[in-house]
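A quick note: this is a predicted structure, and the numbers were derived from the prediction, not measured. Below, read A as the first sequence line, B as the second, and so on, with proteins coming before strands; counting in each chain starts at 1.
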Number of protein chains: 2
Amino acid sequence: MTLTGQSFIAGQWRGNADNGQFFAFCPQTNERHHQPFFNADSGDLDAGILAAQRAFKTYRRVPYSQRAAFLRKIGEEILALGDGLIETTMLETGLPRARLEGERMRTVNQLNAFAAVLEADLAPLALTRQDAADPDRAPVPKPATELRYLPVGVVAVFGASNFPYAFSTLGGDTAAALAAGCPVIVKSHTAHPGTSELMTRAIEQAIRDCQMPDGVFSMIQGTDYALSHQLVGAADVKAVGFTGSLNVAKALFETIHQREEVIPLYGELGSVNPQIILPDYADEQGNVLAKSLAQSLLMGNGQFCTSPGLWLIPHGQTEFESSAMSAINAAPSDTLLTPRILDSFNKAMVALKHNAHVDLLASGEQSQAFHANAHLFACEAEDFIQDASLHEEVFGPSALIVRYRDEAQLLRVVEQLEGQLTASVHATKAEMAVQETLLDELSYKVGRLIFGQMPTGVEVCCSMNHGGPYPSSTDVRSTSVGTQAMTRFLRPLCVQS
Amino acid sequence: MTLTGQSFIAGQWRGNADNGQFFAFCPQTNERHHQPFFNADSGDLDAGILAAQRAFKTYRRVPYSQRAAFLRKIGEEILALGDGLIETTMLETGLPRARLEGERMRTVNQLNAFAAVLEADLAPLALTRQDAADPDRAPVPKPATELRYLPVGVVAVFGASNFPYAFSTLGGDTAAALAAGCPVIVKSHTAHPGTSELMTRAIEQAIRDCQMPDGVFSMIQGTDYALSHQLVGAADVKAVGFTGSLNVAKALFETIHQREEVIPLYGELGSVNPQIILPDYADEQGNVLAKSLAQSLLMGNGQFCTSPGLWLIPHGQTEFESSAMSAINAAPSDTLLTPRILDSFNKAMVALKHNAHVDLLASGEQSQAFHANAHLFACEAEDFIQDASLHEEVFGPSALIVRYRDEAQLLRVVEQLEGQLTASVHATKAEMAVQETLLDELSYKVGRLIFGQMPTGVEVCCSMNHGGPYPSSTDVRSTSVGTQAMTRFLRPLCVQS
């Protein structure tokens with residue numbers, strides 16, 4: 001599809017080569033694209049923020065039913081982009097068609113889920129609280145009080161490269177913020193700027209058709225980090241939705257800390273998603289489980305934030321290990337999302353191969369020099385405990401088996417873990433029943449505790465939690481997936497009369 | 001009552017004069033007390049934090065019914081301290097007996113309210129979310145998911161001088177944290193260390209009787225700010241409840257920002273609590289309203305965080321103004337909580353008297369040199385808009401009348417306001433009906449919007465919100481009063497199976 005390369009500022013497409021330009025990269029050909037994207041300047045961003053704050057005063061008063069219709073319309077317009085959207089994203093991300101079609105539907109469903117919450121007058125969020133007046137109470141009468149919820153204000157959204165629809169321009173954070181009544185300014189991810197432009201066209205049409213205020217949505221293209229810092233430092237911006245790396249989150253935190261008013265940064269950062277496999281279950285199901293884990297690991301070539309990167313298994317599970325090795329050895333290599341991610345992955349593989357306490361158990365064939373191939377490593381629990389470098393997430397198709405000797409050692413490994421988005425426990429019923437301490441300890445390490453299932457696949461539902469203790473996210477109190485995500489952009493108001 | 005002057009570290013009373021000592025001050029005599037309190041050292045605090053983290057692993061698993069019994073027992077033990085508590089606090093704060101007896105009961109009721117939430121299995125918080133499994137869903141089966149809530153970990157509490165019971169050692173934040181399952185470390189307020197020691201005895205007894213882990217509560221005495229920073233900087237501390245000034249909150253934020261994991265600081269800071277008085281209502285009720293406002297202002301000699309410090313009235317309300325002036329002129333002077341508060345108040349009075357745009361309308365007699373007497377000032381709306389110094393809270397018995405010329409000017413004043421804990425609107429029904437824009441604007445400035453009532457008196461109920469946009473609090477999403485306060489110390493966990 002034809003692209004302008006411009007930013008979308010409160011209803012206007014703006015930008016030219018004056019402020020520099022950049023290009024997306026095509027992982028499948030390992031070459032950059034020809035379409036230029038123009039760096040927005042600080043004046044563009046200021047205009048977007050000003051318009052967003054103006055729009056807030058209107059948009060926050062739009063009745064829920066109209067806000068819901070707007071969200072549904074955005075979804076329709078995404079679908080109306082047709083195959084051009086999918087093809088553009090395939091070129092920019094290297095992700096396969098089927099995966100992107102699924103993700104597109106998930107993104108539309110997400111918008112519709114928030115619309116349904118609005119249509120039900122927020123009832124599914126169960127936020128309402130009321131206390132009746134008691135004029136006869138002594139020594140002073142009791143007033144009537146009611147708890148309502150207001151949108152916090154303008155929201156800045158930073159999308160992720162690995163979910164170009166569901167966690168990007170019109171993804172979860174944008175949908176949640178718009179549902180809450182907050183205007184949104186998206187800093188487009190430079191890995192898929194064309195996708196971002198097309199998505200912006202979808203919301204542009206929806207804004208027009210639903211007669212929403214122009215400033216309710218802006219999208220900024222640009223490679224200059226200063227834009228991101230300008231955005232999170234702006235006084236009118238009241239919350240930040242972010243999906244990305246710990247280092248970038250820390251840099252944004254620095255700027256946020258300089259503000260007069262410190263605002264929440266909802267950063268969903270990453271996780272090794274430990275898989276806890278207990279002995280009896282490993283004996284009974286090791287073969288099947290190993291294949292499932294390998295399959296889960298290889299989804300999106302290991303680029304899911306819920307990818308199972310750490311497998312804790314009892315010593316001596318040769319069948320489990322050989323089954324896992326077969327699956328990894330047979331895995332075809334594939335591209336990663338960006339050259340930078342590929343570079344980080346390659347460096348991590350070199351470091352693991354040179355780590356004296358780590359063995360490479362299996363690796364898939366690398367069919368192209370710029371592909372990432374699957375790797376399976378193994379180490380002893382004691383070495384894992386000692387070596388903090390092994391606790392870090394490797395973004396890409398790599399997993400580490402940690403062999404533990406007994407329950408006490410397993411518990412010690414779990415105690416050493418940093419905060420995680422998820423952990424899975426694979427155990428027989430009998431094993432589960434006696435692991436109260438392990439499960440308790442694990443609960444306090446994760447945002448989602450999974451029994452007998454893979455961590456990949458995050459349901460969009462009212463009881464989902466996608467987040468977790470630091471450093472898996474920067475705000476353990478909040479989810480970025482599911483209808484509860486709306487509450488991160490709401491705040492209470494007590495009305496007393 | 002006999003006091004030790006020591007800190008309470010995980011079941012042990014510790015401290016002596018080696019690390020320096022300090023004394024409470026008696027506002028009524030304007031002299032310091034003779035009882036020494038010993039500065040805790042960093043080793044004491046470290047021991048308390050370590051014990052708290054250990055206790056967390058036990059306390060978080062205590063069944064809700066036992067946790068509720070513990071909270072109720074704390075309340076019983078507070079009452080069992082008898083009149084000695086009241087007398088000690090009267091000496092340390094200068095607050096009158098009736099006020100303190102009322103506050104003590106409120107503090108006990110607060111503990112019992114959280115106990116009731118626990119006894120109802122958290123049902124009043126309406127946190128539970130469940131989604132049923134659908135094994136037949138295509139393309140992948142839907143898992144069963146359930147949202148649960150876990151305590152965040154060890155909580156640091158900094159109490160306020162103006163509510164030595166309800167917002168201090170065993171006040172709202174401590175009660176909410178203990179209810180949530182979080183151990184608490186209180187940095188005792190240096191204005192009422194004896195009160196804090198007695199309150200700590202109450203919880204010491206409750207811990208023993210209910211067989212709770214020792215580390216579940218520690219209380220630190222000391223004047224060295226380094227202790228406060230050590231506390232909020234400790235890795236095991238996961239949230240901070242704070243009631244006090246913006247400057248102290250900012251200093252604590254600096255230390256929190258240096259942490260690897262940034263944690264929430266729930267700071268309840270202050271507010272001028274604007275009173276919006278519309279013309280017809282002023283004409284009809286001005287006389288009565290002026291007396292009510294003066295009475296509300298004079299509660300606790302103006303030292304309530306919800307004290308009505310800013311009265312927006314139409315021009316020409318001579319009856320309202322003269323009625324208010326009479327009430328203020330007749331007000332007896334009284335002590336303030338600390339010499340520092342008195343000093344700040346006196347400086348603010350000098351600044352207002354020297355402000356060329358501000359008139360002193362009335363002042364009460366000052367019967368002692370160390371008393372604060374009530375002051376009522378007035379200025380024009382335009383001058384108020386121009387002069388940001390007039391927007392600041394004066395802690396003590398002072399209010400500023402701002403005279404507006406028309407609705408447009410009133411709206412501009414409201415638009416200029418900073419975030420507030422509360423605002424009250426005093427209007428006839430007919431006036432209220434046509435003020436949609438004003439009410440909308442005001443809603444986004446406050447945490448509690450009040451119709452026709454005084455801001456003082458914060459109900460402890462499930463629909464209360466005590467907090468507000470910055471700088472009235474540091475986290476607009478959270479309340480420090482009412483049973484919802486428990487949620488500030490909880491975080492979600494999704495359990496999937």
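Using a 4.0 Å cut-off between charged side-chain N and carboxylate O, B/E436 and A/R61 make a salt bridge. The pair A/E459-B/R137 meets the salt-bridge criterion, with a side-chain N (NZ, NE, NH1 or NH2) lying under 4.0 Å from an Asp/Glu carboxylate O. Taking 4.0 Å as the cut-off between side-chain N and carboxylate O, B/E260 and A/K250 count as a salt-bridged pair. Between B/K445 and B/D440 there is no salt bridge, since no side-chain N of the basic residue sits under 4.0 Å from a carboxylate O of the acidic one. A salt bridge is defined here as a Lys NZ or Arg NE, NH1 or NH2 lying under 4.0 Å from an Asp or Glu carboxylate O, and A/R54 with A/D236 fails to meet this definition. Using a cut-off of 4.0 Å between Lys/Arg side-chain N and Asp/Glu carboxylate O, A/E261 and A/K238 are scored as salt-bridged.
Heavy atoms closer than 4.5 Å to chain A are found nowhere in B/V425, neither backbone nor side chain. Of the atoms belonging to B/T128, not a single heavy atom falls under 4.5 Å from chain A. Using a 4.5 Å cut-off between heavy atoms, B/F489 does not touch chain A at all. Neither the backbone nor the side chain of B/P471 comes within less than 4.5 Å of any heavy atom in chain A. Interface remark: B/Y149 contributes side-chain atoms only to the contact with chain A (heavy atom separation under 4.5 Å). If you measure heavy-atom distances from B/Q130 to chain A, the contacts under 4.5 Å come from the backbone alone. Contact annotation for B/L490: only backbone heavy atoms (N, CA, C, O) come within less than 4.5 Å of a heavy atom of chain A. Proximity to chain B (any heavy atom under 4.5 Å) is shown, for A/P151, by both the backbone and the side chain. Within the 4.5 angstrom heavy-atom criterion, only backbone atoms of B/E146 (N, CA, C, O) approach chain A.
Counting heavy-atom pairs closer than 4.5 Å to chain A, the top residue among B/T145, B/V495, B/D131 is B/D131. Among A/V262, A/I256, A/V446, A/L265, the residue making the largest number of heavy-atom pairs under 4.5 Å with chain B is A/V446. Among A/A126, A/G102, A/C462, the residue making the largest number of heavy-atom pairs under 4.5 Å with chain B is A/C462. For the options A/P143, A/S463, A/G457, heavy-atom pairs under 4.5 Å to chain B are most numerous at A/S463. When the candidates B/T479, B/I263, B/L147 are compared by the number of heavy-atom contacts under 4.5 Å with chain A, B/L147 comes out ahead. The choice from B/P264, B/G482, B/G452 that makes the most heavy-atom pairs within less than 4.5 Å of chain A is B/P264. Residue with the most contacts toward chain B among A/Q484, A/R60, A/R448: A/R60 (heavy-atom pairs, distance under 4.5 Å). Looking only at heavy-atom pairs under 4.5 Å with chain A, the residue among B/R488, B/K57, B/Q453, B/E441 that has the most is B/Q453.
Here A/Y281 contributes atom OH and A/M432 contributes atom CE; the two are 8.5 Å apart, rounded to the nearest 0.5 Å.
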* Can you list the steps and then say if A/T422 with A/T306 is a side chain to side chain donor-acceptor pair (under 3.5 Å)? -> CA-CA 7 Å; A/T422 78; A/T306 52; over 6 Å; no
* Kindly indicate, with the supporting measurements, whether the criterion side chain to side chain donor-acceptor pair (under 3.5 Å) is fulfilled by B/H257 and A/E254. => CA-CA 8 Å; B/H257 180 66; A/E254 279 300 320; 3.0 Å; yes
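Partner B/S424 forms a side-chain contact (heavy atoms from CB on, under 4.5 Å) with one of B/I450, B/L449, B/I276, B/L442 and no other, that one being B/I450.
With A/Q295 contributing its side chain and A/S292 its backbone, the two residues share no donor-acceptor pair below 3.5 Å.
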